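A short worksheet on the structure shown next.
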Amino acid sequence: MPELPEVEVVRQSLAKNFIGKKIKKVLVRNRKLRFKLNTSFEKELKNKSINKIHRFSKYLIMELNDKKFCIIHLGMSGTIHVVKKNNKKFFTNTSFYNSPNLPTKHNHIEFEFENSKLVYNDPRRFGFFQMIKDQKQLKDRFKFYGPEPFDKKFDLKYVINYFKNKNKDIKNYLLDQKFVSGIGNIYASEILYLSKINPLTSVNDLNRTQCKKIIINSKKILLNAIIKGGSTIRDFKNTFGSSGKFQKEFKVYGREKLKCKRLNCNGTIDKIVQANRSTFLCKICQK
DNA sequence: AAGAGGCCCTGATAGC
DNA sequence: TGCTATCAGGGCCTCT
């Protein structure tokens, strides 16, 4: 679930709940995430307050009052849950999980605040937490990442220039974080569908108009997803990233063999595989 | 340098 | 029912 829009929705929720709050205790149940958690992790966070919560691409960046940062990546299956203290069992019993959306397994990391808890859950453990010691190190951490779709730098000149002498499929470039940051497998399909561009098209063969469309539609799709995510998540008071109600209306993703939603198109959505990942498209209206 | 492929890990689901 | 195979929204690393 976590592409840029989902991470942004999580960021907003975390900001609402934890800005200015002090981390009283850090509990780590499993250090073996995507990267093994440093032994000093707990100590570096204990008694620190959260000044701000930023986001870059699919990364959450917690800015602490000692000017260090804690970055969080949700990987494929990471979710963050907020548990409020008004649950009686909160600090007295480990089986406090009576929030219906909070899993009982794979809750690897918890930050305890005075009146609430942040719980990090991640079955596949492709996500990670990482401490960053200062602004400079933070900048270095992301120096090989391309601009976000919203970034002014992500313009026609940048795109055309980047595609020079390249010949991968456009779908793969949308997933390439060095080119553009924050787009994942779902929205890559959606962006190309909206742009009426076949995902198999080599970037060599894209004209200016098509490049323009990709830029505009990347912004459009992601912004819309943030708005939708924000509105659907509002009903979930303590839990973020829960499945079930967190649905979006995808035009192509997951719609294999269903009818193309474009007006006056008789096409059927196909599923193909590119670089070992599924791509959904309508071969009739995506040329 | 660019591009292809393997791999980290668990859980849900499909097929037999 | 229970086994095995396949697939999942990410990104890093290695090899060619």
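Each chain gets a letter, A, B and so on, in the order the sequences are listed, and its residues count up from 1. Quick caveat: nothing in here was measured; it's all calculated off a predicted structure.
Among the protein residues, A:Phe144 comes within range of no part of the nucleic acid, since none of its heavy atoms lies under 4.0 Å from any strand. Heavy atoms of A:Lys32 sit nowhere under 4.0 angstrom from any nucleic acid atom.
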ask   = Please walk me through it: do A:Ile183 and A:Ser218 pass side chain to side chain contact (heavy atoms under 4.5 Å, CB included)?
value = CA-CA 8 Å; A:Ile183 298 172; A:Ser218 297; 4.0 Å; yes
ask   = Between A:Asp176 and A:Lys178, is a salt bridge (charged side-chain N to carboxylate O under 4.0 Å, His left out) present by the stated rule, with each step listed?
value = CA-CA 5 Å; A:Asp176 185 345; A:Lys178 289 191 290 299; 3.7 Å; yes
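A:Val273 forms part of no hydrophobic cluster, judged by ILVMFWY side-chain heavy-atom separations under 4.5 Å.
Across A:Lys32 and A:Arg125, no two heavy atoms sit closer than the pair O-NH1, 2.8 Å. Between A:Asp122 and A:Gly127 the shortest heavy-atom distance is OD2-N, 3.0 Å. Closest non-hydrogen pair, A:Ile170 versus A:Asn198, comes out as CG2-O, 3.7 Å.
Mapping A:Tyr173 and A:His106 onto DNA chain B via the closest heavy atom, the residue that lands nearer the 5' end is A:Tyr173.
In this structure, A:Phe126 does not count as stacked on the base of C:dG11 under the 5.5 Å centre distance and 30° plane angle limits.
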I'd like a table of atom pairs between the protein and nucleotides 4-8 of chain C - only N or O on both sides, under 3.5 Å - with the distance next to each one.
unit_1	atom_1	unit_2	atom_2	d
C:dA8	OP1	A:Lys271	NZ	3.1
C:dA8	OP1	A:Ser278	OG	3.2
C:dA8	N3	A:Arg124	NH1	3.2

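Close approach of DNA chain B to chain A, defined as any atom under 4.0 Å from a non-hydrogen atom of the protein, starts and stops at B:dA2 to B:dG11.
By the ring-ring contact (aromatic ring centres under 6.0 Å, His included) test, A:Tyr120 is found to be paired with A:Phe129, residues two or more places apart in sequence or in another chain being considered. Applying the ring-ring contact (aromatic ring centres under 6.0 Å, His included) rule to A:His73 yields the partners A:Tyr59, A:Phe128; only residues at least two apart in sequence or on another chain are considered.
Taking the P atom of each, C:dT6 and B:dG6 are spaced 14 Å apart, rounded to whole Å.
With hydrogens and angles left out, the side-chain atoms of A:Lys171 and A:Thr279 include a donor and acceptor closer than 3.5 Å.
Applying the salt bridge (Lys or Arg N to Asp or Glu O under 4.0 Å) test between A:Glu42 and each of A:Lys25, A:Arg31, A:Lys24 identifies A:Arg31 as the sole match.
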remark   = Dot-bracket assigned to DNA chain B with the 3.5 Å Watson-Crick/G-U criterion, [ ] for crossing and | for other-strand pairs, is .|||||||.|||||||
